[in-house]
There are 2 protein chains.
Amino acid sequence: MNYLGVGVSPGNVAVRHHGTISKVVDRRVRVVELVLRCVICWLGVLAAVLIGTDSQVKEIFTIQKRAKFTDMKALVFLVIANGIAASYSLIQALRCAVSMIRGDVLFSKPLAWAIFSGDQAMAYVTLAAVAAAAQSAVFAKLGQPELQWMKICDMYGKYCNQVGEGLASSVLVGLGMAALAPVSAFSLFRLYGEDGKKGKGGGGSG
Amino acid sequence: MNYLGVGVSPGNVAVRHHGTISKVVDRRVRVVELVLRCVICWLGVLAAVLIGTDSQVKEIFTIQKRAKFTDMKALVFLVIANGIAASYSLIQALRCAVSMIRGDVLFSKPLAWAIFSGDQAMAYVTLAAVAAAAQSAVFAKLGQPELQWMKICDMYGKYCNQVGEGLASSVLVGLGMAALAPVSAFSLFRLYGEDGKKGKGGGGSG
């Protein structure tokens with residue numbers, strides 16, 4: 001069980017000292033995590049709404065053409081990714097807030113692994129969605145003359161601007177997710193160092 | 001107090017026991033890391049060469065048109081990203097091999113932070129490059145009828161296939177980089193758990 005077999009007696013002093021420092025660090029990390037998750041949630045909703053509600057109608061001779069985000073798969077993917085990121089961040093922010101109020105510290109390795117994996121996956125998915133959408137946006141804005149792909153932002157200026165705002169917001173979501181990676185990695189992997197002391201549920205401080 | 005019921009001099013036993021298991025874990029992690037880095041290096045070079053050397057000439061009436069990777073910014077970005085990933089992985093693999101041969105364990109926090117940050121950055125850059133290139137490849141393969149962007153893979157079939165192979169290789173590079181993230185996170189953040197014991201210069205293993 002206590003497979004690392006650490007920290008049997010090197011002392012109550014060490015444990016208590018360590019516990020104090022650990023609590024301060026814990027609180028700081030938790031506050032950073034909570035703030036980041038709330039900001040990500042808000043930006044994710046903002047990006048999804050900006051892109052998802054964007055549309056512009058253009059009349060070409062007698063034909064009405066409406067530009068909307070479903071015309072481009074990358075934007076659909078981006079809206080979905082932002083929606084998932086926002087929901088995920090909301091749930092994580094709630095978990096974070098609850099554990100701050102109750103004052104308990106994360107000692108469960110499976111839960112820490114789940115949070116770390118979830119954060120990593122969300123960071124990769126969000127950044128990949130942003131990259132794909134940014135690539136599409138570049139084609140839409142500049143065209144690709146070598147391939148005879150024409151610019152479309154000249155025609156749908158207002159539409160493109162709003163997509164740009166949504167994209168900027170999504171970039172921040174991706175960066176926020178990337179910033180969370182070390183936070184959840186810290187929460188997980190220090191458990192592998194502290195195993196002996198804290199694995200027992202902090203029983204050493206009695 | 002001595003709740004684990006270990007004998008008179010628990011300190012020595014525990015430390016020695018811990019040292020042994022830690023070494024086993026260390027060795028395994030190091031082997032996984034070395035293998036992953038070598039594979040990534042090889043795949044990165046492969047992808048860069050496949051895409052960078054790809055070209056196809058097509059004669060349209062009397063005009064010769066040559067398709068090459070510089071026609072598409074996303075492919076240029078992908079070649080560069082793969083080149084950087086391969087070089088970075090080579091350097092890291094050498095570091096890994098040297099420390100395996102010399103048998104020393106990573107206890108320097110700044111170095112561990114540098115490796116962790118580097119790995120994270122490489123994972124994000126590679127995956128973003130892959131996503132952008134994949135988006136371009138989808139446009140090239142399927143076109144975007146709503147925007148009158150035509151397929152170009154019908155014209156440049158051989159060229160597109162080779163890009164596809166390079167892209168597949170790049171996807172593996174990205175996944176490999178993502179798989180390295182927990183390895184370097186483990187190497188870094190367990191230092192924060194073992195602080196009391198090993199922070200003093202690894203005196204415990206003697």
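Here the structure is a predicted model, which means the values were calculated and not measured. Numbers restart at 1 for each chain; the letters A, B, ... are given by sequence-line order, proteins then strands. The basis for the numbers below is simple: all heavy atoms, side chains too, and nothing from hydrogens, waters or symmetry mates.
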Applying a strict 4.5 Å limit to non-hydrogen atoms, the region of B:A134 in contact with chain A is neither

**Q.** Charged N-O contact under 4.0 Å between A:K65 and A:D71
**A.** no

If we ignore angles and hydrogens, is there a donor and acceptor under 3.5 Å between the side chains of B:R66 and B:S55? yes

So, the part of B:M155 with a heavy atom under 4.5 Å from chain A: the answer is neither

Evaluate the side-chain proximity of A:N82 to A:V173: yes if any heavy-atom separation is below 4.5 Å, no if none is.
-> yes

One option among B:F139, B:F186, B:Y124, B:W149 has the most heavy-atom pairs under 4.5 Å with chain A, and it is B:W149

Can A:F69 and A:T53 be said to form a side chain to side chain contact (heavy atoms under 4.5 Å, CB included), step by step?
-> CA-CA 8 Å; A:F69 79 103; A:T53 62; over 6 Å; no

